[in-house]
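Report on the structure given below.
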Protein chains: 2
Amino acid sequence: MVNHNLDGAVEKVIANSEFTLHENLVAGLRQLVIDGVLASGQRIPEAELCQRFGVSRTPLREALKVLGAQGLMQLRPNRGAIVTPLDPGDILPIFEVKGALERLIGLSAAERANDMDIDAMSALHLELGAALQKGDIRQYTELNYAFHKRLSQIPRNAHLRQSYDDLQQRIWRYRFLVNESFSRVADSFAEHEQIMIALRARTPLDLAARLESHNARTCEAMTDAARGAAQDPRFGAIA
Amino acid sequence: MVNHNLDGAVEKVIANSEFTLHENLVAGLRQLVIDGVLASGQRIPEAELCQRFGVSRTPLREALKVLGAQGLMQLRPNRGAIVTPLDPGDILPIFEVKGALERLIGLSAAERANDMDIDAMSALHLELGAALQKGDIRQYTELNYAFHKRLSQIPRNAHLRQSYDDLQQRIWRYRFLVNESFSRVADSFAEHEQIMIALRARTPLDLAARLESHNARTCEAMTDAARGAAQDPRFGAIA
DNA sequence: GCGTCGAAAAATGAATACAATCTTGCCTTG
DNA sequence: CAAGGCAAGATTGTATTCATTTTTCGACGC
């Protein structure tokens, strides 16, 4: 049998009783997919997951349906679910939409940001700088995610935040593509510098433009990396 | 007991064997919510829906979880699900995001539209004109939905199409707000005229600008209508 | 009369049981 | 030896059952 390395993290998630079992299952499974523990294209064996999570098939399947509806898994009738395979061709479309939303985030955030927002962003920006100094690209990537997520909350538009987060999670699965390109990370940080300046200045058009530009460059870097890594096993065996 | 008027339409949906039972249930339930058959804030009685759809609670609950994750229903632990109440305060945020996506749709559609796309849009535009002539505002509203949906497909970006469709469905629940304002419908058609011109001319910036403007005006009209109809029972009893 | 407590009824959450479908492996057959 | 088919096992889909929680409603006390 295949070892999925599910031990540890998951059980903790499930034990979190602040949320319902269903919510924990959805979050836990999503994490497994996004973190790549369940590989792209991999078959999802219900029985095994049930054992791991310590629940029966009923709640597990409810969670699978939710992830299926969100596009993270493909539910094939009578043939089980598979983790939606990563597709290099998806990178550009996702970034296109993400860029459109980031433009709105920029326009809106520049107008609605309060001091707490800017402090929080500044703190994240500092941490990003520290991660860059240390050359810890993995941590930089995670902080980068948090940076943009926090920014998306400034407009205080729940629909915007959710739509944006959806896209961020989709692209997050491809993050291994940039994990090693140090030069891009340095450029990225320089762009963040400009973003912070525009945010502090509260200039909507400028902030929006810088975000769009940052988005486009990140997209370019990922697309390039995908070209080079088309044979990467993480792009999914079964497809 | 309350009569939910579920007869008819639903059973047909379920009988559609091209899709799985689960898919039909999700689509059927969503339709009930979007069409207002299950009113805003209304409690969802599992047992009754099971009878109506002729299925057991297991697949029905799977569908409810999906709709809950999509924000159409609120799943309250141990207390059943309710249809997410309509909130006039949601109109503006939804339109903001929708506007950002329509801008992208415009930019992209102007570049990627082929003759078939433009023919299809022209046909819908003609139908819209006919509905306006007849004064059939209900039909106009439905065709308007189809018009924008078809437009969103022109960029051939699945992520864009899906994100946009999500938002369109959310706002569609508020459509009763414009069902009676004839003057707005006439204005709307005039704006569509300009949109078609820009689409045929394939001028990205112009098309994007006209779509954004159209979106903003529609938002304004709905917001106004919401102010006047704050007491409308459709805004949800329970809340 | 009003509020509170408590038991019965109803509804939800999860596990188990059953049915239908697919997969696997072996056997047959050309 | 290859191809097809059939039966056994495994897996998925749905129904049913059991456990837990909430709601209802009537009795009781203030």
Side-chain angles (χ1 to χ4, degrees), chain A residues 1-4 6 10-11 13-29 38 41-69 72-84 237-239, chain B residues 1-4 6 10-11 13-29 38 41-69 72-84 237-239:
Chain A
M1 256 296 142
V2 186
N3 181 348
H4 296 302
L6 303 187
V10 173
E11 282 74 4
V13 174
I14 298 304
N16 183 348
S17 62
E18 186 187 345
F19 298 104
T20 65
L21 173 62
H22 173 70
E23 288 166 340
N24 284 322
L25 275 174
V26 171
L29 275 172
L38 296 177
Q42 176 174 347
R43 174 93 176 284
I44 309 294
E46 284 185 10
E48 188 172 345
L49 286 178
C50 286
Q51 276 203 329
R52 301 277 186 181
F53 285 90
V55 297
S56 73
R57 284 177 57 218
T58 306
L60 184 90
R61 284 171 56 80
E62 287 173 355
L64 287 178
K65 299 287 187 189
V66 170
L67 294 182
L72 235 55
M73 294 185 178
Q74 290 176 3
L75 312 180
R76 304 165 307 172
N78 290 314
R79 304 195 47 214
I82 61 171
V83 176
T84 299
I238 302 170
Chain B
M1 256 298 142
V2 185
N3 180 348
H4 297 301
L6 304 187
V10 174
E11 282 74 4
V13 174
I14 297 305
N16 183 348
S17 62
E18 184 186 347
F19 298 103
T20 65
L21 172 61
H22 173 71
E23 288 166 340
N24 284 322
L25 274 174
V26 171
L29 275 171
L38 296 177
Q42 176 174 348
R43 175 90 176 287
I44 308 294
E46 285 186 9
E48 187 172 346
L49 287 178
C50 286
Q51 278 202 326
R52 300 279 184 178
F53 285 89
V55 298
S56 74
R57 284 176 57 218
T58 307
L60 184 91
R61 283 171 56 81
E62 288 174 354
L64 288 178
K65 299 286 187 190
V66 170
L67 295 181
L72 235 55
M73 295 186 177
Q74 291 175 2
L75 311 180
R76 305 165 306 171
N78 290 314
R79 304 194 47 212
I82 62 171
V83 177
T84 299
I238 302 171

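Throughout, a chain's letter reflects where its sequence line sits, starting with A, and its residues are numbered from 1.
- Here the P atom of nucleotide C/dA15 and the CD atom of A/Glu46 are 14 Å apart, to the nearest Å.
- Nucleic acid contact class of B/Ile44 (heavy atoms, under 4.0 Å, all strands): sugar-phosphate only.
- In this model, the phosphate group of C/dT21 is not approached by any side-chain N or O of A/Arg79 to a distance below 4.0 Å at OP1 or OP2.
- Interatomic distance, A/Glu62 CD to A/His22 NE2, rounded to the nearest 0.5 Å: 6.5 Å.
- Counting only heavy atoms from C-beta outward, the side chains of A/Leu64 and A/Glu46 approach each other to under 4.5 Å.
- When every heavy atom of A/Phe19 is checked against every heavy atom of A/Asn24, the shortest pair comes out as O-ND2, 3.5 Å.
- Phosphate proximity of C/dG13 to B/Arg76: absent, as no side-chain N or O sits under 4.0 Å from OP1 or OP2.
- If you measure from atom CE of B/Met73 to atom P of C/dT12, you get 12 Å, rounded to the nearest angstrom.
- Rounded to an integer number of Å, the gap from CG of A/Leu64 to P of D/dT11 is 15 Å.
- The nearest whole Å value for the distance from the CZ atom in B/Arg43 to the P atom in D/dT22 is 12 Å.
- To the nearest 0.5 Å, atoms CD (A/Gln42) and CE (A/Met73) are separated by 9.5 Å.
- Look at CD on A/Gln51: it is 19 Å from P on C/dA14, rounded to the nearest Å.
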Next item on the list: Let me have a per-nucleotide readout for nucleotides 14-20 of chain D, 5' to 3', with B, S or -, counting only protein heavy atoms under 4.0 Å.
Entry: BBB----
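- We find the CZ-CD1 distance between B/Arg76 and B/Ile44 to be 9.5 Å, quoted to the nearest 0.5 Å.
- How far CD of B/Gln74 is from CZ of B/Arg79: 11.5 Å, rounded to the nearest 0.5 Å.
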